[in-house]
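Written out below as structure tokens is the structure these notes cover.
Note: hydrogens, waters and symmetry copies are ignored here, and every other heavy atom, side chains too, is used. Numbers restart at 1 for each chain; the letters A, B, ... are given by sequence-line order, proteins then strands.
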Protein chains: 4
Amino acid sequence: MRNRERVLNLSLALFNQQGIAHVSTLQITTELEISPGNLYYHFRNKEDIAKALVQEFDQAVSRMRSEFSHQVNTLDDYPAFLLSLMTLLAQYRFVLRDLETLVLGEPDLKRCFGHLYNSLKALNQAMFDHLNHLDALSIEKEDQRFLADNSLMIAIGWINQLSMVNNTDEHTLILRQGVSRLVALVQPYLKLT
Amino acid sequence: MRNRERVLNLSLALFNQQGIAHVSTLQITTELEISPGNLYYHFRNKEDIAKALVQEFDQAVSRMRSEFSHQVNTLDDYPAFLLSLMTLLAQYRFVLRDLETLVLGEPDLKRCFGHLYNSLKALNQAMFDHLNHLDALSIEKEDQRFLADNSLMIAIGWINQLSMVNNTDEHTLILRQGVSRLVALVQPYLKLT
Amino acid sequence: MRNRERVLNLSLALFNQQGIAHVSTLQITTELEISPGNLYYHFRNKEDIAKALVQEFDQAVSRMRSEFSHQVNTLDDYPAFLLSLMTLLAQYRFVLRDLETLVLGEPDLKRCFGHLYNSLKALNQAMFDHLNHLDALSIEKEDQRFLADNSLMIAIGWINQLSMVNNTDEHTLILRQGVSRLVALVQPYLKLT
Amino acid sequence: MRNRERVLNLSLALFNQQGIAHVSTLQITTELEISPGNLYYHFRNKEDIAKALVQEFDQAVSRMRSEFSHQVNTLDDYPAFLLSLMTLLAQYRFVLRDLETLVLGEPDLKRCFGHLYNSLKALNQAMFDHLNHLDALSIEKEDQRFLADNSLMIAIGWINQLSMVNNTDEHTLILRQGVSRLVALVQPYLKLT
DNA sequence: AATGAATGAGGGTTCATTCAT
DNA sequence: GATGAATGAACCCTCATTCAT
């Protein structure tokens, strides 16, 4: 049962670096020093590994959704929460980057992708609802929807910037820049107190 | 010389539909009813086709950049311009979607991608500079940079939405939705007149 | 000791449906909800299962051989006996169908196949000898040998027809058709009384 | 275009010796000293090779059907014709032996098999019709149908005997024995002249 | 008797690319 | 400009079998 997790861990790292398509099952098994058959004992095929990771991701997003109403009590908590969200997205960035697979992949994997996207949207919407509740924002219903859409896309877009940079040291810098943009997005709607 | 263009045209369509990696050179040659050798007479390799398309795209972006200061004279012209820009991005959407290739591709193709991204950023920046000049926006320098970044990401993000929908009829609808979000992004900074 | 029989029973069913080569040991163990190791505790390898079934079959044939001189007392008993024989062959039809394994299998399994074929031939020969004894046939020695050969091949050939039909309801029909042909084969040699 | 035929020739030999399933594409390409890709340039997959051979076989059977009414003018010509037919069947004996593939194969290959079987049945029926026409047989309609069925099964059954013998020298002997049985089958219905 | 993770050889197939004509 | 047969490396995956527990 150990090897299953080792495969997941390594696959996550390799998928993030190179993309699902460019990671071969042989590469995974060779680096882990296990037999190809062992990988296929734990997973039906390569997509099955991706599916498991997407589901892990999905659960983490859902967990974050249920936690954040406790963590964010004033507007000052918002940036810190965004950073932890962005950090999570960065951890599974191969998912957000690989639309090709999303479009053309097996229906099974496609469904998982779809579910994850909905989780992300839901989290985003809930976030703005909460901020509204805290009486931190002054914004109309329609505008809030647009804001939520834009917010998600900027978050994803900024995560994708990570993939263009090999140097891991710059990653935290980029994440902070992303957070800045997301904060700036809300700026105009802040309620003056 | 005819076949070169036919390859480019079909490749663009197929790349948009399926992604570079999922389009084989054999598929291209078969659909065009030409020989594989013929394709390789016109292009050094598959990436070479992609490169040519990226450059086409890049030039179209640059052309748009030089045109838009004539086309946009008041804020009312902005949405129409955005729509034509989005339409262009949609035409070459495989480029904006396929970060995998950008990350792992040959340095040659990578450079072309990079140049295109810079062109897009430049166009975006220039757009906001122009709007500022027209005295339509009231915005600080720093905020303007953030706005430009966000604007580009939302545009790209919305283009990627296209790829998740097979129905081509919905495409124009999605493009309009994208424009709405981009307009909404600027809304808070409009100068009241 | 229970599981050994369960493996044999399921294997027989699966071998008949799909052929030895297309049934994996994993399929057997999964359907029985036992571990692969358990299967290999009871059988040295997959062929060993087949061998056991062939031997079961062989014994059933031999038993039938010793019984039939009691069961067939007049020519009128012949069709009923043929039907019970055909039913037995149908039960183990994977054996009669799979000449590939016979040709290329391990010598051990090959020997079992060979022994079974001899049992079948012997049963057939004995059948005609008996009919002759009953004074039901008028046939020369040489013709009788040919008749026995032909009879066996038609029986096997008709059993193989079963495998081409998925619908189990038709099986009894096909068996009856086979019996008809076998009876027709003897028709010309009946003694007029 | 040469290699296509070489693949077909060698595959026929290997399929007859070892059965489709036990012949690997690598074995074929290695023995022919061509690349695996070359084989897949000429054939879509391994079954495609088998399909081509079955169709070859089918055509040969059909050709024989149209020829035999010229070749068989008296009953004395019958054995010679049977021998040439048996020789043809022997040439493609892997087809008649491999019911496993017939049962479980792709629908495409299955259809080809089915067509071939019909051709064989048609040839057989036509044969007996012709003999009847020549006024060589005295047989009733119903009996003739049974005779035709039995004849085909004996022919196939005897061809399968070939596969159990490695020594190629014995093959002609076995073929002759098969012919003898087939002739013996008709014996009882000969018209006395 | 039984488990189940692990092995590893082997097989079918794809595809970008070359090159003689 | 164009053809199309040929290459060969690479990949995904299967499955009979083993063995420590």
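In this structure, the side chains of D:Glu31 and D:Gln27 come closer than 4.5 Å at one or more pairs of heavy atoms. Within the 4.5 Å cutoff, the side chain of B:Val7 has no heavy atoms near those of the B:His42 side chain. Contact annotation: the side chain of D:Tyr40 never approaches that of D:Thr29 to less than 4.5 Å [non-hydrogen atoms, C-beta and beyond]. Side-chain contact between D:Val95 and D:Leu53 is absent, with no heavy-atom pair separated by less than 4.5 Å. Side chains of D:Leu12 and D:Phe94 form a contact here, defined as non-hydrogen atoms less than 4.5 Å apart.
Residue contacts shown for B:Thr25 include a base, since a base heavy atom lies under 4.0 Å away.
As a whole-Å value, the separation of C:Asp48 CG from F:dA16 C1' is 13 Å. Spacing between atom CD1 of D:Ile28 and atom P of E:dG11 amounts to 11 Å, rounded to whole angstrom units. When the C1' atom of F:dA16 is taken as reference, atom NE2 of C:His22 falls 16 Å away, rounded to whole Å. In this structure, B:Ile20 atom CD1 and E:dC15 atom C1' are separated by 16 Å, rounded to whole Å. One can place CZ of B:Phe43 at 12 Å from P of F:dA2, the figure rounded to the nearest angstrom. Taking atom CZ of D:Arg6 as the reference point, atom C1' of F:dA6 lies 12 Å away to the nearest angstrom. Across the protein-nucleic acid pair, B:Gln27 atom CD and E:dT17 atom C1' stand 17 Å apart, rounded to whole Å.
Taking only side-chain nitrogens and oxygens, C:Tyr40 comes nearer than 4.0 Å to OP1 or OP2 of F:dT17. Using a 4.0 Å cut-off, some side-chain N or O of B:Asn3 falls inside it from OP1 or OP2 of F:dA2.
Taking for each of C:Leu26 and A:Asn45 the nucleotide of DNA chain F with the nearest heavy atom, the 5'-most of the two is the partner of A:Asn45. The residue among B:Lys46 and A:Leu39 whose nearest nucleotide of DNA chain E lies closer to the 5′ end is A:Leu39. Taking for each of D:Val23 and C:Gly37 the nucleotide of DNA chain E with the nearest heavy atom, the 5'-most of the two is the partner of C:Gly37.
Between C:Arg6 and C:Asn9, the side chains place no donor N or O within less than 3.5 Å of an acceptor N or O (distance only, hydrogens not considered).
The listed nucleotides are F:dT17, F:dC15, F:dC11; the one nearest the side chain of C:Ser24 is F:dC15. For B:His42, the side-chain atoms get nearest to F:dA2 when compared with the rest of F:dA16, F:dT14, F:dA2. Across E:dT13, F:dA2, F:dC13, the shortest atom-to-atom separation from the side chain of B:Asn38 is found for F:dA2.
Under the 3.5 Å distance criterion, the side-chain polar atoms of D:Asp98 are left unmatched by any main-chain donor or acceptor of C:Glu100. Between the side chain of B:Arg97 and the main chain of B:Asn16, a donor-acceptor pair closer than 3.5 Å is present.
Here B:Tyr92 pairs with B:Phe57 under the ring-ring contact (aromatic ring centres under 6.0 Å, His included) rule; sequence neighbours left out.
Taking OG1 of A:Thr101 as the start and NE2 of B:His22 as the end, the distance is 6.0 Å to the nearest 0.5 Å.
In DNA chain F, consecutive stretches of 3 or more Watson-Crick or G-U wobble pairs with both distances under 3.5 Å are given as paired ranges: E:2-21 with F:2-21.
Within residues 29-36 of chain C, the residues that place at least one heavy atom under 4.0 Å from DNA chain E are, in residue-number order, C:Ile34, C:Ser35, C:Pro36.
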